[in-house]
2 protein chains.
Amino acid sequence: MKVTINDVAKYAGVSIKTVSRVTNNEPSVKQATVDKVNEAIKALNYQPNLAARNLAGTKSYAIGFIYDNPNAYYIIDMQNGILSACKDKGYELVIHPCNAKSDSICDELTQLVKHSRLAGLVLTPPLSEDPKVLKALSDIDANYVRIIAGEGGKEQDGLTILVNDKFGAVEITQHLIDLGHKEIAFLSGDLHHESTKERLLGYKQALTKNRLLLNEDYIIEGKYSFESGVEGANTLIKLTNRPTAIVACNDEIAAGALFAARLAGLDIPGDLSIVGFEDSPFSRQTWPKLTTVHQPNAEIAQVATELLIAKRREQDAKFAKTFTPEPVIRDSSASPKN
Amino acid sequence: MKVTINDVAKYAGVSIKTVSRVTNNEPSVKQATVDKVNEAIKALNYQPNLAARNLAGTKSYAIGFIYDNPNAYYIIDMQNGILSACKDKGYELVIHPCNAKSDSICDELTQLVKHSRLAGLVLTPPLSEDPKVLKALSDIDANYVRIIAGEGGKEQDGLTILVNDKFGAVEITQHLIDLGHKEIAFLSGDLHHESTKERLLGYKQALTKNRLLLNEDYIIEGKYSFESGVEGANTLIKLTNRPTAIVACNDEIAAGALFAARLAGLDIPGDLSIVGFEDSPFSRQTWPKLTTVHQPNAEIAQVATELLIAKRREQDAKFAKTFTPEPVIRDSSASPKN
DNA sequence: AAGTGAGCTGACAAAGCTGTCTGCTTGTAA
DNA sequence: TTACAAGCAGACAGCTTTGTCAGCTCACTT
């Protein structure tokens, strides 16, 4: 029933240790032997026993997913991505929700890494942006991959996955411009979030590139919440020169704006186009459905995890990959009326 | 640095085996000895090595969380609850998203249990309601705890956690009645979900108990979605004798109803009270915030997991515990105007 | 022909715990 | 006093893999 490394060794006619070498991608095994072993593995459908590996090895075959993020949809997507990479590579996943603002967060994480002898960590914002945490992890030689908003040039050492929010913001703003909009407003999220900064930057860049006026009244500071969207939109609607389109920093804000605008008697998208960011299920739970920017979170997480696992052998101290979110056109954006 | 069972044994002045007995709650250890060992464990901050346990024992110290549910907030809550129970008891968590409608779901699960030698499974709807799955798991003697909607009398054998949705529905409906409402409508979710049936039942029961008319026009069949709420509310609003309050089967539906009602120019809660169910973050992302029914999902999951772990030794074949959701009064409900 | 070193492989111990067994000590009932 | 059981020590195998190190092979040098 259960296939052990012993069975594989016998089948392939080699020693147990050699099979172990092959499964761990160790060098110094003849290619012919590798092939033989791999054949045996496939033939017997052998899967290494995690517990035994963990016990015997110096590091466990587990990667940790650390998160502190109120957005459940984001977490689930990330988790799924990590999980599928783990399954592929025969790792297990240790999830660890935490409070990034806690004083003891660094101790908590180093504790976790040591105790579970984690092979690596997947860090999402805001943890991936916290120098304190990063330093603490480096100090104990923990492997980690950071997922952050940016477009390159930001890679410190270590593995980094960049999500080019700026690009996404440029594209979605361009989409509105292409529809004929000239007065486009921006509802920001928390300004200390890296993602907010990047998105705002993209918005501005798109306007500038198209030689459109950058109206400071059109940039409303806010938070990542529905209410913030309501308030922001109300402010904009009262303006004498009301914008014809709004770029919201995420879908929640957009939903709030949509709500407020419709209450104010505006037709969406006839009188006002509103676009979001994230492509969360939220964007499909509004009426009309939101045009937004899609972030392939599961894929991002999967690639990040694969990178982390690959690093276990190859020691490229530095590596970065960039993902570019793309607009998803739905029903909340259209050409301005007049 | 690392504390092993050996250290504990020395500290407590007993044999390794006795420490093992204590950590596994085996009988035939004097209470005095148990205390001594527990003291030593605490003093040294000993945590058994999972890998070694898994390797040595006949069953692993891992419990599986199986889910197929699009509601990310629900999943995250459950996951956190399970996680905290696991941490407490020194178990690890294996998460396994799946497709409940898949033909091979039974094979998939039995495979998982066997391969990971899971100590137990936590099953949520719809998997916890699927006789096929339940039978397959029983056939391989897998432990599981089911979380289902109901109020008792539904416990087949095995561990069951009941969430008394009916009670919650009665209470929230009563809340509206207490406010003076007499024309109360119901927007249902998917009728083949157990939870929908229970909530509808509770709604009806509350009306009957208060000798209020049960108007069939006020019960709108729908789905668990925002759009369904929009449509349902629109139907109700057009009625000649428009209801003064709506009980929605979950927060999404309520949000949709809210949206539609405000678009129709109704004041909420002045002209129309709307209440939801679930107390998901959704309910705080509307305007006004939804009165709803709170389900303590994390706690439910935690208790379920503790039960599952306890069962490992004590063999009570049958056990059920019921949770009763309670109303959370926020801003979307008030007395009718007239 | 012997010596050298790189490339490859296997024997063995080790990781930390559980399960099983034998056998000793107690306390308690007959 | 005898018998017997509960409570525990101690020894040992076993779980499955990895890390260490010694040793083999073979091409290549001198």
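Numbered from 1 within each chain, the chains take letters A, B, ... in sequence-line order. Just so it is clear, the model here is predicted, and its values are computed rather than measured.
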Which is it for A/Tyr73 and B/Tyr73 under the ring-ring contact (aromatic ring centres under 6.0 Å, His included) test, yes or no, and what are the steps along the way? CA-CA 7 Å; A/Tyr73 288 108; B/Tyr73 288 108; 5.4 Å; yes
Of the options [options], whose atoms approach the side-chain atoms of [X] most closely?
X       : options                : answer
A/Lys30 : D/dC15, C/dG19, C/dC8  : C/dC8
A/Ser28 : C/dT9, C/dG19, D/dT17  : C/dT9
B/Thr23 : C/dT18, D/dT16, C/dG16 : C/dT18

Run the side-chain contact (heavy atoms from CB on, under 4.5 Å) check on A/Tyr11 and A/Leu44 step by step: do they pass? CA-CA 9 Å; A/Tyr11 189 102; A/Leu44 301 176; 3.9 Å; yes
Among residues 11-21 of chain B, which contact DNA chain D at a heavy-atom distance under 4.0 Å?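 B/Gly13, B/Val14, B/Ser15, B/Thr18, in order of number.
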Can you sort out which residues in residues 36-45 of chain B have a heavy atom within less than 4.0 Å of DNA chain C? Ascending by number, please.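 Nothing qualifies; none.
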From CA spacing to verdict: side-chain contact (heavy atoms from CB on, under 4.5 Å), B/Ile95, B/Gln79: CA-CA 9 Å; B/Ile95 56 182; B/Gln79 189 168 287; 4.0 Å; yes
Could you walk me through whether A/Leu137 and A/Leu121 satisfy the side-chain contact (heavy atoms from CB on, under 4.5 Å) test, starting with their C-alpha distance in whole Å, then the side-chain angles of each, then the deciding distance to 0.1 Å, before giving a yes or no? CA-CA 9 Å; A/Leu137 291 175; A/Leu121 295 178; 3.7 Å; yes
Does B/Ala52 or B/Val29 map to a spot on DNA chain D nearer the 5' end, using the closest nucleotide for each?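 Comparing both residues, the 5'-ward one is B/Val29.
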Quickly work out the [X] [atom1] to [N] [atom2] distance and round it to whole Å.
X       : N      : atom1 : atom2 : result
B/Glu26 : C/dG19 : CD    : P     : 6 Å
A/Leu55 : D/dG14 : CG    : P     : 17 Å
A/Asn6  : D/dG14 : CG    : P     : 13 Å
A/Arg53 : D/dT17 : CZ    : C1'   : 8 Å
B/Asn54 : C/dA15 : CG    : P     : 19 Å
B/Tyr61 : C/dC17 : OH    : P     : 11 Å
A/Ile5  : D/dC15 : CD1   : C1'   : 14 Å
A/Asp35 : C/dC8  : CG    : P     : 13 Å

Check this one for me: any side-chain N or O of [X] less than 4.0 Å away from OP1 or OP2 of [N]?
X       : N      : value
A/Asn24 : D/dT18 : yes
A/Thr33 : C/dT9  : yes
A/Thr58 : D/dT18 : no

Can you tell me if A/Asp103 has over 12 outside heavy atoms packed within less than 6.0 Å of its CG?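 Atom CG in A/Asp103 is not crowded, with 12 or fewer foreign heavy atoms closer than 6.0 Å.
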Does NZ in A/Lys30 sit with more than 12 non-hydrogen atoms of other residues, nucleotides or ligands closer than 6.0 Å?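 Atom NZ in A/Lys30 is not crowded, with 12 or fewer foreign heavy atoms closer than 6.0 Å.
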Would B/Asn49 and A/Arg117 count as having a side-chain donor-acceptor pair, cut-off 3.5 Å?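 Side chains of B/Asn49 and A/Arg117: no pair found under 3.5 Å.
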Could you tell me if A/Ser20 and A/Thr23 have a donor-acceptor pair between their side chains, going purely by distance under 3.5 Å?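 No, because no side-chain N or O of A/Thr23 sits under 3.5 Å from a partner of the opposite role on A/Ser20.
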Scan B/Ile105, B/Thr110, B/Leu112 and name whichever one has a side-chain contact (heavy atoms from CB on, under 4.5 Å) with B/Glu108.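 That would be B/Ile105.
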What's the shortest heavy-atom distance between A/Cys106 and A/Lys132, and which atoms?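 Distance-wise, the nearest heavy atoms are SG-O, 3.8 Å.
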Give a yes/no verdict on a cation-pi contact between B/Lys87 and B/Tyr91, requiring under 6.0 Å between NZ or CZ and the six-membered ring centre and an angle within 45° of the axis.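 Judged by the rule, B/Lys87 and B/Tyr91 form no cation-pi pair.
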May I have the step-by-step check of side-chain contact (heavy atoms from CB on, under 4.5 Å) for B/Thr160 and B/Val145, ending in yes or no? CA-CA 6 Å; B/Thr160 311; B/Val145 54; over 6 Å; no
Axis-to-axis angle across the helix from C/dA1-D/dT30 to C/dA30-D/dT1, five pairs an end, to 10 degrees?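 That helix has its two terminal axes inclined by roughly 40°.
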